[in-house]
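See below for the structure under consideration.
So that the names make sense, note that chain A is the first sequence line, chain B the second, and so on, each numbered from 1. If you're wondering where the values come from, they're calculated on a predicted model, not measured in any experiment.
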Amino acid sequence: AQSVTQLDSHVSVSEGTPVLLRCNYSSSYSPSLFWYVQHPNKGLQLLLKYTSAATLVKGINGFEAEFKKSETSFHLTKPSAHMSDAAEYFCVVSYRTNTNAGKSTFGDGTTLTVKP
Amino acid sequence: NAGVTQTPKFQVLKTGQSMTLQCAQDMNHEYMSWYRQDPGMGLRLIHYSVGAGITDQGEVPNGYNVSRSTTEDFPLRLLSAAPSQTSVYFCASRDGGVSSYNEQFFGPGTRLTVL
């Protein structure tokens with residue numbers, strides 16, 4: 001079984017300050033982990049992914065995430081928020097077994113607000 | 001490449017009506033899936049397919065049917081619409097069949113309202 005918990009449903013930061021969106025996962029197998037972003041009334045776009053290579057993963061638009069197996073976490077960070085970062089962010093876990101077929105489980109999402 | 005396309009963008013149905021949400025991808029991806037998105041609940045998997053002719057149920061399959069006769073198309077059928085099916089529906093595809101390593105590509109979504 002697998003599950004994802006996004007620890008904050010809403011995060012508000014000021015423009016130019018750091019962003020931290022927290023994600024914990026549970027998986028019986030070695031997981032693949034993803035962060036997606038969804039801007040209002042749009043589809044989802046991949047920010048970054050972890051697939052058992054480097055534990056620090058860099059993504060688009062200055063975002064990065066660190067896979068910490070001991071803490072079962074995959075938190076998303078950005079050093080300096082921009083107004084255009086305001087969106088919904090989803091943490092996703094998936095793994096492959098004979099019966100799971102690589103299905104994905106989504107967290108409930110974190111809404112990021114960026115104040116001027 | 002057009003990527004993943006969905007039609008229609010918006011739809012209003014009356015309770016009991018049926019309809020088909022269309023999804024197509026031009027990336028030759030083996031894996032396709034349908035999700036529904038409700039406020040505060042993330043995306044929940046309805047049905048998925050690991051290749052033409054192969055489909056399986058996801059987390060919330062009741063009230064929906066799918067088929068996969070070609071690699072490109074993966075339509076979602078609502079058999080008898082209910083107000084509880086009011087939601088935004090996303091179709092997604094990814095390469096690699098059962099592989100979990102590849103990211104999914106999402107369509108723009110269909111916003112469905114059932115009265």
Taking the side chain as every heavy atom from C-beta outward, state whether B:Ile46 and B:Arg36 have any atom pair closer than 4.5 Å.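 The answer is yes; the side chains approach within 4.5 Å.
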Is there a side chain to side chain contact (heavy atoms under 4.5 Å, CB included) between B:Gln104 and A:Leu46? Walk through the geometry before answering. CA-CA 8 Å; B:Gln104 296 187 76; A:Leu46 179 72; over 6 Å; no
Take A:Leu21 and A:Val19 through the test side chain to side chain contact (heavy atoms under 4.5 Å, CB included) and record every step on the way to the result. CA-CA 7 Å; A:Leu21 304 183; A:Val19 175; 4.0 Å; yes
According to ring pair (Phe, Tyr, Trp, His ring centres under 6.0 Å), who are the partners of A:Phe67, at least two apart in sequence or on a separate chain?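 Partners of A:Phe67 by the ring pair (Phe, Tyr, Trp, His ring centres under 6.0 Å) criterion, ordered by chain and then number, come out as A:Tyr25, A:Tyr50.
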Under a 4.5 Å heavy-atom cut-off, does chain A meet the side chain of B:Phe105, its backbone, both or neither?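 For B:Phe105, neither part sits under 4.5 Å from chain A.
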At a heavy-atom separation under 4.5 Å, does B:Leu45 approach chain A through its side chain, its backbone, both, or neither?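 Interface part for B:Leu45: side chain.
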Using the ring of each side chain (for Trp, its six-membered ring), is A:Tyr36 parallel, tilted or perpendicular to B:Phe106, with breaks at 30° and 60°?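 The arrangement is perpendicular - the two ring planes meet at more than 60°.
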Residues which pass salt bridge (Lys or Arg N to Asp or Glu O under 4.0 Å) with B:Arg68, listed by chain and number, not counting sequence neighbours: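 B:Arg68 satisfies salt bridge (Lys or Arg N to Asp or Glu O under 4.0 Å) with no other residue.
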N/O donor-acceptor pairs under 3.5 Å from side chains in residues 37-45 of chain A, not counting sequence neighbours:
unit_1: A:Gln38; atom_1: OE1; unit_2: B:Gln37; atom_2: NE2; d: 2.9
unit_1: A:Gln38; atom_1: NE2; unit_2: A:Lys42; atom_2: O; d: 2.9
unit_1: A:Gln38; atom_1: NE2; unit_2: B:Gln37; atom_2: OE1; d: 3.1
unit_1: A:His39; atom_1: NE2; unit_2: A:Ser84; atom_2: O; d: 3.1
unit_1: A:Asn41; atom_1: OD1; unit_2: B:Arg111; atom_2: NH2; d: 3.2

With a strict 4.5 Å heavy-atom criterion, list every residue of residues 108-116 of chain A that contacts chain B, or say none.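 Those residues of residues 108-116 of chain A which have a heavy atom under 4.5 Å from chain B are A:Asp108.
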